[in-house]
Amino acid sequence: MRHQRTKTCGECRLNHVGELVVLNGWVQAVRDHGGLLFLDLRDRYGFTQVVADPAQHSVLSEVGPECVIAVVGKVRARPAEARNTNRSTGDIEIEAIEIELLNTTKVPPFEVDDECRTREELRLEHRYVDMRRRPVLAAMELRSRLNYLMRQSMTEQGFMEVETPILMKTSPEGARDFLVPSRVHPGKAYGLPQSPQLFKQTLMACGIDKYFQICKCFRDEDLRADRQLEFTQLDMEMSFVRQEDVFAVMERLMTTVWRELARGEVAAPFPRMTWDEAMTRFGSDKPETRFGMELFDFADRARGSGFRVFAQAMELPQGTVRGMVVKGGAALSRKQIDEAEAVAKSYGAGGMAWVKLTAEGPQGSIAKFLAADDLAALTAAGAAQGDLVVFTAGRFEPALNALGQVRLHFGRVQNLVDSKLAHFVWITDFPMFEWNEDEKRFEAKHHMFTAPSEPLPPLGGDLSHLKASLYDLVLNGNEIGSGSIRIHQPEVQAQVFAHVGLTPEQAQDKFGWFLRVLEYGAPPHGGIALGVDRIAMILAGAASLREVIAFPKNASGICPLTQSPSAPDTKQWDELQLRPVSGG
RNA sequence: GGGGACGUGGCGCAAUUGGUUAGCGCGUCGGCUUGUCACGCCGAAGGUUGCGGGUUCGAGUCCCGUCGUCCUCGCCA
């Protein structure tokens, strides 16, 4: 490169007129008028128009879109009628004196413009072309700002950033670990962190008091639009605190972030809602609170109902029947109602009962079973003529969850959500354990290090109603953070290990080192981890995490750019004393 | 592992009920063009319709299989 830039492509204005400048960048477009040629030069900072006489610059015959060039030239004002008010540099242009071709390009796989006119597969395969597009660049810049604001807020609030290991001990519960085989210790493997959980708790025992880290976490599970194999967390932990202290730190952080990046004020403190309330009102532990259509309890009416599905549901342990009023829903077609039922079924409901309240009386699958008292109960729940009422029946969580999903479905199709709103809400008092039907045992709902909010029952006792000091931060129906007050007493920790079915030997083998941490004066502590990718996605208004990750994996976990994962060669396997079982 | 959608020149799309030589826009290449900024005008090249098999006189279109991408259920402490 002979000519190094003295200005970026977004820099020159009328006050630079007359200056001799050098620009470096990519050719966005060439407009050849024969005796006069215009060329838009682009870099991260903007576009600048270059004017040249093709006869004086033979190199121009080789220059096309996405070539990399240097332009030496003089800034001049454009003729008044030729100014471009759509661009910040539109009042000036560069009169080319010399053009240096820094690199040519193959014909790009797609055009570099703001509109996305190609499939994502191709964009990600050629991310180095795709990211030259302004919207992609803007998402990357947004993320950079987000990282900066998070670091700044946490540092200002007295938190210390500490890095924890990526190669660590694998752990049994929770998501599947990524394993990294050890060469030096054949047959053994490190696990990549699903989160730095135990290290950050250990840092509390270390006396760090306030820790944070923006860190990568890894979970070997199937991907989704909002889930990647590796993702970024803002991880934090603090000592001698109650959950309100954690909330206050996060509220200061999020209000700052929203003020700076969403150009909208968010009021703190955020509303709080217990898990029971979220489930019963919204049918979700991550309620979308930007519209109403709340669920109501129909259990009392369902008991002994002539409609057998309702009556039988009430016989189940934790059995319930819940309803929801869809305003104006009596006008919906059978097909639209069937679609809603399909949603309920896809989330495990046996079906979705419904009744239309029409001028001719109740109509629909369960109309004939509804007595006057039942109809009065629907009216009390807010239903009126012209509405549709839908129901699910079954065990508490599946029945409510299915109806909650139907609620989201109607919210979408009826356009009930104002997408400009940002509703933060803390969900508190989660159940501590969850019954795993496959393994016939209780397992931790969050993780095994969460403190119970009440004393643990004796071993073998019913754990289903036990609540934990466990909380999620929810934004517009998205879980964006999850945390808890932790166990800091080794005896309590040992009890929890026992309750989830770990023998003392297993507990020692997997977590003995951590029990010793607690035995040497660990302080009471708690914390939270925020999903940075999801927050960036919401701020960017993107539909997929991939839009805010520079080099994301596709839905099957393949990196479209590098084609990882790839097959190690024989020598690599040999060094690890490993070999694939099948040919591969 | 299950369900759904999609796959046609480099890119985005079209092609009636199975029927002529698979068409259009963008891009690419060549020519013309001194005020464009999605420049314009003229011309050209570019296709194993993802892959394999089948039905048929005839398949982009129908059937079976397979691969890939996306969405999703399970899964994700």
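Residue numbering restarts at 1 for every chain, and letters A, B, ... go by the order of the sequence lines.
- At a threshold of 4.0 angstrom between heavy atoms, the contacts of A/Ala555 are confined to the sugar-phosphate backbone, with no base atom among them.
- Ring orientation note: the planes of A/Phe449 and A/His447 are tilted relative to one another, at an angle of 30° to 60°.
- Across all strands shown, A/Glu93 has heavy atoms under 4.0 Å from base atoms, whether or not it also approaches the sugar-phosphate.
- Heavy atoms of A/Thr450 sit nowhere under 4.0 angstrom from any nucleic acid atom.
- Side-chain N/O atoms of A/Arg219 and base N/O atoms of B/C76 include no donor-acceptor pair closer than 3.5 Å.
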* Structure fact -> A correct 5'-to-3' footprint of nucleotides 6-12 of chain B, with B, S and - meaning base, sugar-phosphate only and no protein heavy atom under 4.0 Å, is ----SSS
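- Remark: ring of A/His33 not stacked against base of B/U36; the cut-offs of centroid gap under 5.5 Å and plane tilt under 30° are not jointly satisfied.
- Nucleotide B/G35 holds its P atom 7 Å from the CG atom of A/Leu36, rounded to whole Å.
- Side-chain atoms of A/Asp40 lie closest to B/C37 of the nucleotides B/G35, B/C75, B/C37.
- Closest contact between the side chain of A/Asn84 and the listed nucleotides B/C37, B/G35, B/U69 involves B/C37.
- A straight line from CD of A/Gln28 to P of B/C37 spans 15 Å, rounded to a whole angstrom.
- Between B/G50 and B/C6, the distance separating the two C1' atoms is 12 Å to the nearest Å.
- Between A/Pro65 and A/Phe38, the one whose closest nucleotide on RNA chain B sits nearer the 5' end is A/Pro65.
- Side-chain N/O atoms of A/Asp235 and A/Tyr211 include a donor and acceptor closer than 3.5 Å.
- Remark: the backbone N or O of A/Ser464 is paired with a side-chain donor or acceptor of A/Asp462 at under 3.5 angstrom.
- In terms of modelled atom types and a separation under 3.5 Å, the side chain of A/Ser544 and the main chain of A/Arg546 share a donor-acceptor contact.
- The aromatic rings of A/Phe433 and A/His499 sit tilted, their planes meeting at an angle between 30° and 60°.
- Taking the C1' atoms as reference points, B/U28 lies 8 Å from B/G10, given to the whole Å.
- Contacts of A/Arg42 with the nucleic acid, taken as non-hydrogen atoms under 4.0 Å apart, are absent.
- If A/Asp222 and A/Lys553 are placed on RNA chain B by their nearest nucleotide, the residue sitting closer to the 5' end is A/Lys553.
- For A/Arg31, a side-chain nitrogen or oxygen approaches OP1 or OP2 of B/C39 to under 4.0 Å.
- A/Tyr347 comes within 4.0 angstrom of the backbone, heavy atoms only, and of no base.
- On the P atoms, B/U69 is 36 Å away from B/A45, given to the nearest whole Å.
- Neither OP1 nor OP2 of B/U72 sits under 4.0 Å from any side-chain N or O of A/Ser346.
- Straight-line distance between the C1' atoms of B/A5 and B/G46: roughly 30 Å, to the nearest whole Å.
- Taking the centre of each ring, A/Phe430 and A/Tyr471 stay at or above the 6.0 Å mark.
- A donor-acceptor pair under 3.5 Å links the side-chain atoms of A/Arg133 to the main chain of A/Asp113, judged by distance alone.
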Every protein N/O within reach of nucleotides 13-15 of chain B N/O, cut-off under 3.5 Å:
none

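- Comparing the C1' positions of B/U34 and B/C39 gives an interatomic distance of 12 Å, to the nearest angstrom.
- We find that A/Glu547 and A/Arg123 are joined by a salt bridge, their nearest charged nitrogen and carboxylate oxygen being less than 4.0 Å apart.
- When the C1' atom of B/G3 is taken as reference, atom CZ of A/Arg224 falls 12 Å away, rounded to whole Å.
- Here, B/G60 and B/C42 have their P atoms 33 Å apart, quoted to the whole Å.
- Taking the centre of each ring, A/Phe218 and A/Phe231 stay at or above the 6.0 Å mark.
- Here B/U69 sits opposite B/A5 as a Watson-Crick or G-U wobble pair (both hydrogen-bonding atom distances under 3.5 Å).
- Using Watson-Crick or G-U wobble geometry with both donor-acceptor distances under 3.5 Å, B/A44 finds its partner in B/U28.
- Backbone-only contact: A/Glu120 has heavy atoms under 4.0 Å from sugar-phosphate atoms and none from a base.
- For A/Arg546 and B/C70, a side-chain-to-base donor-acceptor distance below 3.5 Å is absent, hydrogens and geometry of angles not being considered.
- Distance, A/Asp113 CG to B/C37 P: 16 Å, rounded to whole Å.
- Rounded to whole Å, the separation between the C1' atoms of B/U36 and B/U48 comes to 42 Å.
- The side chain of A/Asn554 places an N or O atom within less than 4.0 Å of a non-bridging phosphate oxygen (OP1 or OP2) of B/U69.
- Within 4.0 Å (heavy atoms only), A/Glu121 reaches sugar-phosphate atoms of the nucleic acid but no base atom.
- Taking the C1' atoms as reference points, B/G47 lies 14 Å from B/C11, given to the whole Å.
- Rounded to whole angstrom, the span from the CZ atom of A/Arg227 across to the P atom of B/G74 amounts to 9 Å.
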